[in-house]
Structure formats: structure tokens, C-alpha cells
**Q** 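Right, I'll just put the structure down here and ask away after.
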Amino acid sequence: YIILISFDMPICNINEFLKKGFFINKVMGIDIGKKRWGIALSDPHNSFSLPHKVLCNNVNVYGDLNEIIENYNVNLIVVGLPLNFDNSLNKKCQSIRDMTKHLDKKLSEFKKNLPILFWDESFSTQQANDYVITQNISKRKKIIDKFAASIILQDFLDFLEKNN
């Protein structure tokens, strides 16, 4: 289940989106949280996702994202959206949608017009936590978000592989 948004671009379904050929460069996955944003990046062929970093959710987050976009030639952003079990939106979804709208506005100020997709992120943080525990990685709380972003992005890339 995905929703395409970009406030400068018409909304379209996934098939129309795929036909437009946005997947030339890397895709960025973002797990937006109140305190931290987890960032993941795809490989150059958009086959797999790699955890990249965790950004503090402060005034610098948009500049930091812009720097990653430039350094890694990102041309699509996938944002995790925590849907309810019945796929309906909740309060947290509205907060993430608002932050994403602000992200889109800030990227426009940086002269970036990137499409942004919402992707269901249900259970990604729990999966990331389970992974970090099994790998005996220390300081879990500070890094868990980049692994959650990687899970969200990998789910999206797997969907693309199946449907492209």
C-alpha cells in the first residue's frame, strides 16, 4: 500500500509512477520520529537497502537530509507511515504527514523537487529492535531508527522488484 505525494507533482498510482522512470539513482528511506529520523539508502541498482545514519530531529535535520541527497544522488524518498491494522490513518500518521509536507517545502527551498512516497511501516521498529538484539549491537536506542528505515525501504524495493 503506497501513496505518492509531492506537492509540486500530481498524485498518481504506482504503475504510473514506475513508468516515469524515477529509479535511475538511489532511493532514501526515512523513519520519522519525534526525537530521531532514521535514514537508509538503496544500492545503485535499487536491489537492497542499507542503514545509513540517524539524524536528530532538530532545526538541522532538513539541511542534513539535503546534504545526504546531494552526496548520494537520491531522487526518491520513501517515508514510513504507521498505519492501523485496518490500514486507516491515526494521529501519528497525521503528524508524519505534516512533517513530510514541511520536508517537501524545505527541499523546494534547496531547489530539490523529489517525489515522496508513504509506505506502510507497521512493525518495522520491532523488527529492527529484534535484529539489533540478535546482532548484540550496543547503544540500540541511538541506532534503531536507521535499521527501521532500512526495513521500510527494503520492503518498498522488494515490492518494486515484484511489480516492475
**Q** Out of the candidates L76, T100, I77, only one should pair with L117 under the side chain to side chain contact (heavy atoms under 4.5 Å, CB included) rule; please name it.
**A**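 Per the side chain to side chain contact (heavy atoms under 4.5 Å, CB included) rule, the option paired with L117 is L76, out of L76, T100, I77.
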**Q** Could you state the interatomic distance from CD1 (I32) to CG (L81), rounded to the nearest 0.5 Å?
**A**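 Going from the CD1 atom of I32 to the CG atom of L81 covers 9.0 Å.
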**Q** Just jot down the salt bridge (charged side-chain N to carboxylate O under 4.0 Å, His left out) partners of K92, sequence neighbours excluded, or say none.
**A**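 Checked K92 against salt bridge (charged side-chain N to carboxylate O under 4.0 Å, His left out); zero matches.
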**Q** Are any of the side-chain heavy atoms of V54 and I39 separated by less than 4.5 Å?
**A**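 No, too far: nothing below the 4.5 Å cut-off.
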**Q** Honestly curious: do L55 and L50 fall in one hydrophobic cluster under the side-chain, below-4.5 Å linking rule?
**A**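 As far as the 4.5 Å side-chain criterion goes, L50 and L55 are not connected within one cluster.
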**Q** Given the rule in the side chain to side chain contact (heavy atoms under 4.5 Å, CB included) test, do V78 and I152 qualify, once you have shown the distances and angles that lead to the verdict?
**A** CA-CA 8 Å; V78 176; I152 294 163; 4.2 Å; yes
**Q** Using atom types as modelled, flag every donor-acceptor pair under 3.5 Å from a side chain in residues 61-71 to any protein atom, sequence neighbours excluded.
**A**
| residue | atom | partner | partner atom | Å |
| --- | --- | --- | --- | --- |
| N66 | OD1 | K112 | NZ | 3.0 |
| E70 | OE2 | K112 | NZ | 2.8 |
| N71 | ND2 | E67 | O | 3.3 |

**Q** Check the pair M99 / W37 against side chain to side chain contact (heavy atoms under 4.5 Å, CB included), numbers first and verdict last.
**A** CA-CA 11 Å; M99 283 190 263; W37 290 22; 4.1 Å; yes
**Q** How about M28 and L41: do any of their side-chain heavy atoms sit closer than 4.5 Å?
**A**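 Side-chain contact under 4.5 Å: yes.
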**Q** V27 vs V74, test: side chain to side chain contact (heavy atoms under 4.5 Å, CB included). Steps then yes/no.
**A** CA-CA 6 Å; V27 180; V74 171; over 6 Å; no
**Q** Between the main-chain N or O of K34 and the side-chain N or O of N57, is there a donor-acceptor pair closer than 3.5 Å?
**A**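 Confirmed, N57 side chain pairs with K34 backbone.
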**Q** Partners of S150 by side chain to side chain contact (heavy atoms under 4.5 Å, CB included), sequence neighbours excluded?
**A**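 Expected list: A40, S49, P51.
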**Q** Search all heavy atoms of D145 against all heavy atoms of R36 and return the closest pair with its distance.
**A**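 For D145 and R36, the tightest heavy-atom pair comes out as OD2-NE, 3.1 Å.
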**Q** Output all residues satisfying side-chain hydrogen bond (donor to acceptor under 3.5 Å, both in side chains) with Q94, sequence neighbours left out; order by chain, then residue number.
**A**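 Scan of Q94 (side-chain hydrogen bond (donor to acceptor under 3.5 Å, both in side chains), adjacent residues dropped) gives D98.
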**Q** Keeping to residues at least two apart or across chains, list the salt bridge (charged side-chain N to carboxylate O under 4.0 Å, His left out) pairs with something in residues 37-55.
**A**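 Checked against salt bridge (charged side-chain N to carboxylate O under 4.0 Å, His left out) - neighbours excluded - no pair reaches residues 37-55.
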**Q** Which heavy atom of L157 sits nearest to which heavy atom of S47, and what is that distance?
**A**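 It is CD1-C, 4.2 Å.
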**Q** CG/D120 to CZ/F156 distance, rounded to the nearest 0.5 angstrom?
**A**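 That separation rounds to 13.5 Å.
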**Q** Indicate whether the side chain of W119 and that of D155 have a donor and an acceptor atom separated by less than 3.5 Å.
**A**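 Short answer, yes.
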**Q** Working to the nearest 0.5 angstrom, can you tell me the gap between L114 CG and L107 CG?
**A**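 Output value for this atom pair is 6.0 Å.
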**Q** Identify whether F48 and L153 are in the same connected component of the hydrophobic contact network (ILVMFWY, side-chain heavy atoms under 4.5 Å).
**A**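 Per the 4.5 Å side-chain linkage, F48 and L153 are not co-clustered.
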**Q** Who pairs with D158 by side-chain hydrogen bond (donor to acceptor under 3.5 Å, both in side chains), at least two apart in sequence or on another chain?
**A**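 Only Q154 meet the side-chain hydrogen bond (donor to acceptor under 3.5 Å, both in side chains) criterion with D158.
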**Q** Which distance, rounded to the nearest 0.5 Å, do you find between the CZ of F147 and the CG of D31?
**A**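 The CZ atom of F147 sits 12.5 Å away from the CG atom of D31.
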